[in-house]
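To start, the structure under review is shown below, and the notes come after it.
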Amino acid sequence: MKKFLVVIQLYVSITGVAVFRYNNCILYQRNYTYLMMQKANLYNCPLLKNKLDDWQFSQSRLVCLPLDIEKQNYVRRNVKDAIFSVVLPTPLTTELKLVSCSEDALINILDMSPSIAETSEFVEFIAGNKLLSSSIPLAHRYGGHQFGYWAMQLGDGRAILLGEYINSAGERWELQLKGSGRTPYSRDADGRAVLRSSVREFLCSEAMYYLGIPTSRAAALIVSRDPVLRDQFYNGYTITERAAVVLRLAQSWFRFGSLEILTRNKEFDSLKKLVDFIITEHYPEIGAEDEDRYVQLFRTVAHKTMDLAVDWMRVGFTHGVLNTDNMSILAVTIDYGPFGFVEAYNSNFIPNTSDREGRYSYSKQLEIAIWNLQKLSEAMFPLLSESQISSVMSIMKYMEMYSKSKYRLAFLAKLGLKQEINFTTDDLLIMQLLQMMEQTEADFTMTFRELGDIPLESLKNVETLRKHGWSLPKLASHRNYVEFIEMYQKRLEQEKGTDDERRKLMSSVNPRYVLRNWMAQSAIEKAEKDDFSEVRFLLEVFKTPYTLNEEAEKRGYADPSPDWASNIRVSCSS
Ligand SMILES: *[C@@H]1O[C@H](CO)[C@@H](O)[C@H](O)[C@H]1NC(C)=O
Ligand SMILES: *[C@@H]1O[C@H](CO)[C@@H](O)[C@H](O)[C@H]1NC(C)=O
Ligand SMILES: *[C@@H]1O[C@H](CO)[C@@H](O)[C@H](O)[C@H]1NC(C)=O
């Protein structure tokens, strides 16, 4: 980095200030060097827009896909021959407030200066009250399998895609409002989102990004005083909550269910158009003319989907509702609802309390991802020849082994180990640790973190461990603990790893801070009273989840969840 700056300075002295400013921006935007620079200066960066009026959507490519001929916005259970319906957001009518914005998303994705978020135009824009002339707002028609069964038409019931933006790095992003009112796909709902679920989505999407896990992003969150009625726990007791809107970003919002509905309805023409569009726009490395392109697309999506599911496993994330419509065709995490991070380790952790069978529990996620891929493959059958179908089926057969290997590598890395040596004994090591964690209710996040904080030699000394952290002592109370540490030490020696390397690797893959329910809940309760400081602070902490943060420590973000947290029920109504 230093070298780079010197080069630029040299360049400046020759070519003058204009070039410096330009380079500065690029640097700023691509490499987060703003930490080293004066903020005020950069907010005036010529490439970053300060005013919404100076910003516009790029030309929409999505509108080239089949559009609904019905122009009136009313709920229809059976829309035909369309991938999108053109629908305007419904304005919010009361006082609006910006809860928080993601500087990184604004700068690096939207080429907007963070100061833009403080303008009333921007807040009105997110509320759906101010439509840009460059925007063609769309609601997407998709279907999906819910809890194992075909659910027919679902679709964007409260999300509206405002348009597409090609940023200064040449990436194409889709901007979507969540909670912006009814669409033809709203079914019985009001198309709104409440503050609590919006805060959770906003914080978790950004937190996942900083954890290094593919995800949709959240650029900003606003709240109004427009009332929304919610039966939080489906017990017939409704309360009035405040309507909120998140500006979410993804390079594509297409889902497995986007293809499924077209196949189910025999709209094969549209199916082909959509899949070709996905290949051209998002998987250009697959030739658009290649005869085998659909198989290649499936192969890529399948691998990426399993990679994603393994990423969830490695940080203890449980999505909670892995219906096929909540699976992104780009294999990024989408649709944050009743998600949760495993705390006291329980392989059957189920964040959605109504999911009694535990279909979407923590440890089922790899299996469910494969099940969902099976549904995606079926949706693609009409595009495939016999032999291509058998190629797709053999890709499917391979996914279990593939994900097992990925999972093994991810968990070995969590233990500071770099390579697979012996599948049987490697799996045994991981399994034994998880079993002990489960039996001692050790915390998923902190156990790995604390195992990496302490030299292996000291890990063997159970007595001194009592002074180190709060989760490891639990683990160390297990009767097999010492035996495990010995096995662990031998394993490290087998790959000739040093303890320093082990600890370094561990602190880079094991986060110290994840969004625990109590943290979200505490920030939500303040936000309900217009105090957004905690939402904003949490976002700051999650920017560096692998690094110790003094202020976060003071606030107890790496401590055991407080007692009151055991009473939190994450409501599914959102
Ligand atoms: C996931 O899918 C279901 C429909 O299958 C939908 O009701 C839900 O809102 C989606 N998202 C989340 C976060 O649950
Ligand atoms: C939680 O699980 C129940 C029962 O399976 C399901 O009906 C509900 O839709 C799920 N919640 C969400 C948000 O999807
Ligand atoms: C892996 O370890 C097991 C148990 O020690 C041993 O039986 C097996 O032969 C090993 N496998 C390989 C491929 O080395």
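Both backbone and side-chain heavy atoms feed into the values below; hydrogens, waters and symmetry mates do not. Source: prediction; values computed, not measured.
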Ring-plane angle category for [X] and [Y], please: parallel below 30°, perpendicular beyond 60°, tilted otherwise.
X: Phe254; Y: Phe84; result: tilted
X: Trp55; Y: Phe57; result: perpendicular
X: Tyr398; Y: Tyr402; result: tilted
X: His319; Y: Phe317; result: perpendicular

Please report the interatomic distance [atom1]([X]) to [atom2]([Y]), rounded to the nearest 0.5 Å.
X: Leu271; Y: Ile261; atom1: CG; atom2: CD1; value: 12.0 Å
X: Tyr209; Y: Thr215; atom1: OH; atom2: OG1; value: 11.0 Å
X: Leu138; Y: Asp156; atom1: CG; atom2: CG; value: 9.0 Å
X: Arg248; Y: Tyr336; atom1: CZ; atom2: OH; value: 10.0 Å

Non-hydrogen side-chain atoms of [X] and [Y] separated by less than 4.5 Å:
X: Glu206; Y: Phe542; result: no
X: Arg196; Y: Arg230; result: yes
X: Pro511; Y: Val315; result: yes

Does a side-chain N-to-carboxylate-O contact under 4.0 Å join [X] and [Y]?
X: Lys272; Y: Asp276; answer: yes
X: Glu281; Y: Arg172; answer: yes
X: Lys97; Y: Glu95; answer: yes
X: Arg158; Y: Asp188; answer: no

Arg76 NZ/CZ over Tyr74 ring centroid, <6.0 Å and within 45° of normal:
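Satisfied, under 6.0 Å and within 45°.
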The test is side chain to side chain contact (heavy atoms under 4.5 Å, CB included); show your working for Arg192 and Thr90 and say whether it passes.
CA-CA 9 Å; Arg192 290 298 182 195; Thr90 312; 3.7 Å; yes
Looking only at heavy atoms, what is the nearest atom pair of Leu162 and Leu177, with distance?
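Here Leu162 and Leu177 meet closest at CD1-CG, 3.7 Å.
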